[in-house]
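Lettering follows sequence order; numbering is per chain, from 1. Just so it is clear, the model here is predicted, and its values are computed rather than measured.
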Number of protein chains: 2
Amino acid sequence: MERVRKGERRSDPDGPRPLADAVLRLIWRERRISRASIAESGGLSRSTVSEVVNEILPTGLVNEVGLGESRGGRRPVLLEFQDDACVILGVEMGAAHVAVALTDLRGGVLAWETREHPVRTDPEGTRALIAELADACLENGVQEGRPLLGIGVALPCPFDPALPDELSTIVLPAWEGHLGLEGVGDRYGVPLMADNDANLGALAEHWWGAGRGADDLAYIKLATGIGSGHIIDGEIYRGATGVAGEVGHTAIDPQGKPCICGLKGCLVTLIGTPALLERAGELLSEHPDSVLAGRGFGIAELEEAALAGDAVAVEVAEEAAGHLGIVVAGLLNLMNPSMVVVGGDLAGLGELLLVPLRETARSRTLVSSVRAAEIRASELGPKSVAIGAATLVLKAALNDSRLFRAAETNATGSVGRREK
Amino acid sequence: MERVRKGERRSDPDGPRPLADAVLRLIWRERRISRASIAESGGLSRSTVSEVVNEILPTGLVNEVGLGESRGGRRPVLLEFQDDACVILGVEMGAAHVAVALTDLRGGVLAWETREHPVRTDPEGTRALIAELADACLENGVQEGRPLLGIGVALPCPFDPALPDELSTIVLPAWEGHLGLEGVGDRYGVPLMADNDANLGALAEHWWGAGRGADDLAYIKLATGIGSGHIIDGEIYRGATGVAGEVGHTAIDPQGKPCICGLKGCLVTLIGTPALLERAGELLSEHPDSVLAGRGFGIAELEEAALAGDAVAVEVAEEAAGHLGIVVAGLLNLMNPSMVVVGGDLAGLGELLLVPLRETARSRTLVSSVRAAEIRASELGPKSVAIGAATLVLKAALNDSRLFRAAETNATGSVGRREK
DNA sequence: AGTACTTGATTCGGTTACCGAACATAGTCT
DNA sequence: AGACTATGTTCGGTAACCGAATCAAGTACT
């Protein structure tokens, strides 16, 4: 078990408490653990652990919950992390919808609200909608007195946390380069933090979903656009300017269709949602017996048809898997993750997508350990990005427990909202 | 200026000294700095800095070298890092040659020895050759009494430092999976550490060459094979199993020539050294007036001809740049480094290679900040890998100065060799 | 030149965050 | 019952810092 990183001398009594935070993280990770086990796995003395734990207990994040099994001596007092001590809001801004999840401190979704909205063109309405859905989540999902820890926001565009006020004007021109969500955080008196949607999907799958235990993973989000998020050594990888993961515009076929980006044959022109629907339409002319024939259909219907074994839908999915496999192979060769998680529109197809995807990817990768990387479908499905947004806040609080302390003072008898 | 990471409590008097190491690193980085400036930029008190510096001075790694300019008060005593306090051996094992560099603590090459050798098929002879060249370097390049800090080794195959005894049997079958160089380290009584050659090329360019200041960079090594090394956040990135950077087998043309790896149209089948020579041969039949016509030529002659403006050679280089550009574009989109450094066989062509490379790469990348990544040629040329091997040792010592202390006790009056 | 002020370096006492030893507690094993 | 073992707490000790005071050596103003 890795040693706890010990703290440095503090001059400021309100400063960070590295050791207390490290112990809190350990308890969080183990869920239930005794003081003696903390000392052992953290490389600390029992006296220090006692001291630190007694500092943590009054926060309510950890409780003593009875005794464990004896290992030949006195039975240990079990400490348990209280997953419901706080709640977190995770907001997903899509290109054309908003979703809000309310989670506990273990990634569990307590409430979920989503609505279609022209996010790209209506910043003011989007801000109001986020507040509305957040209120709804807090009213439906919160038990009395549970403080709100913070709000995480997933953005459908590149985002550099180093420059939080510089939003990409390419994807969201109407937003004029700034998010303007400070008001939402102020409304509840909690911190607000943001990141790119694919990054947060990757984070969620790493913490709670298909990617548990994989410290180096790539998450590929298939939708209208195609992006990837990368976890490297357990942390979100953003690249030099925060725009890593623009995997959708990898050129597959130099002679392919022109893309909005100005290039030809980008992955997104082949397997972006519009391309999939168009391809299905093409195939329908040869297969008038398909269940999709003669009616309008969207990606949900296409997915359903594929699962039902419809020849056209299956063909579309297999072609998409082939194209995606080429890019995944390049990704494996270059970055050598231990896992690739596929999320978004087609992830629900499961093995129908994964089998041809794995075959293409593995036939195009060289080194055996690269080929050994697991390729899986998202476990969290459409909620992964919003859950990841909430996880961003949880991660920050576990790294600096002052966020927990700030939230406690914020607990209200009402739904957690604070009238200022 | 970033704060120095303060030390944890030590129970072991021979344990690591994080603060002393951090101060030493700061002095190394600034080269000349006063105690007061260390306190300021490290976020420490002057009293602590005095104490720590007085602990460092007796090691001889840092000396007081006179007074600096007054800033309105007493003139500061300047401390200077002694770049020549130790020497380091950097060994490059290629597929068919061995090179050894002796460097100081600032990446300066004090001696350089290289010889052709069938490394792949002759492990025992290679080990003896490494020892021979190392001896030669120490005899030529070392001033009396300079201790040897350690030996770094660059390997022409994937290497996972977590499993140092499992060598890829694909690239080096005759080595039977283990390096067997412990004897060389023992011979001089110093530690020996290894890594992949492209990783070490990246490290060298990041520390001393074209990549200085770029905390996220990719280094692409063009040779018989093609590999890349990646620096992420200032550290070598190895991926989950230590084989990241297998960029040579990215598929460019699914209908292309078969590659030794079993795929078709890999980058290496288009711009690996043999492919370049073959392509030049093809073009010669149409251009009998080329300076290359009617004689045998290797990559050095091809490079020379291109620099002289020979049409065939220039055409080969430009085609190669185009193929490489496609892969570089994918790399930029995926990993968003701030710089790409091209090293190896063609790097000497300079702008002749870089201009078409930049054009292809930039025309195939989307986000403006990705396109802003600089694409440069290696500054360290053929020595970069061996220098990087030495840098691996330097880096380790700067992270744990006990290595320096161990080396001091090892100083000999002779060439640094120790008869055991 | 003399004086006030500034910056640099050292000394020394104080504080913090840890450890270790001793002890109380509560279990198992024979 | 007695020996032994593991858990948790108390308490004194100490390494690794800081801060204030002091000495040192420069600049700036009068």
Nearest to the side chain of B:P76 - D:dT7, D:dC17, C:dA9?
C:dA9
Which nucleotide, C:dT25, D:dC18, C:dC19, lies nearest any side-chain atom of A:T48?
C:dC19
Without decimals, in angstroms, what is the distance between A:L79 CG and D:dT7 P?
13 Å
Pairs involving residues 61-78 of chain B, ordered by first then second residue, that meet side-chain hydrogen bond (donor to acceptor under 3.5 Å, both in side chains) (sequence neighbours left out):
B:R35-B:E64
Nearest to the side chain of A:E51, which nucleotide is it out of C:dC18, D:dT7, C:dA9?
C:dC18
Electrostatic pair B:D104-B:R146, nearest N-O below 4.0 angstrom:
no
Going by heavy atoms in the side chains, are A:I232 and B:D233 under 4.5 Å from each other?
no
Figure out the CG/C1' separation between B:L44 and C:dT10, and round it to whole Å.
16 Å
Would you mind reading off the distance between B:R17 atom CZ and D:dC17 atom C1', rounded to a whole angstrom?
15 Å
If you find the nucleotide of DNA chain C closest to B:G72 and the one closest to B:S50, which residue's nucleotide is nearer the 5' end?
B:G72
Could you list by number each residue of residues 61-70 of chain A showing a heavy-atom separation from DNA chain C of less than 4.0 Å, or answer none if no residue does?
A:S70
Within the 3.5 Å criterion, strictly below it, is a donor on B:S338 or B:D216 matched to an acceptor on the partner's side chain?
no
When rounded to whole Å, the CZ to C1' distance for the pair B:R46 and D:dC23 reads 12 Å
Find the distance A:R74:CZ to C:dC23:C1' and express it as a whole number of Å.
12 Å
Do we see a donor-acceptor contact under 3.5 Å between the side chains of B:S401 and B:D21?
yes
For B:R46 and B:S50, which I'm curious about, is there any donor-acceptor pair between the side chains at under 3.5 Å?
no
In this structure, how many angstroms lie between the C1' atom of D:dA16 and the CG atom of B:D21, rounded?
14 Å
Touch check for B:R71, heavy atoms < 4.0 angstrom, all strands: base, sugar-phosphate only, or nothing?
sugar-phosphate
Quick one: which of C:dC12, D:dG8, C:dA21 gets closest to the side chain of B:S47?
C:dC12
When all nucleic acid strands are considered with a 4.0 Å heavy-atom cut-off, which category describes A:V49: base, sugar-phosphate, or nothing?
nothing
Look at A:R402 together with A:D400 and state whether they make a salt bridge at an N to O cut-off of under 4.0 Å.
yes
Can you tell me the distance, in whole Å, between the CZ atom of A:R35 and the P atom of C:dT25?
16 Å
Atom-pair distance (CZ on B:R75; C1' on C:dT6), nearest Å
15 Å
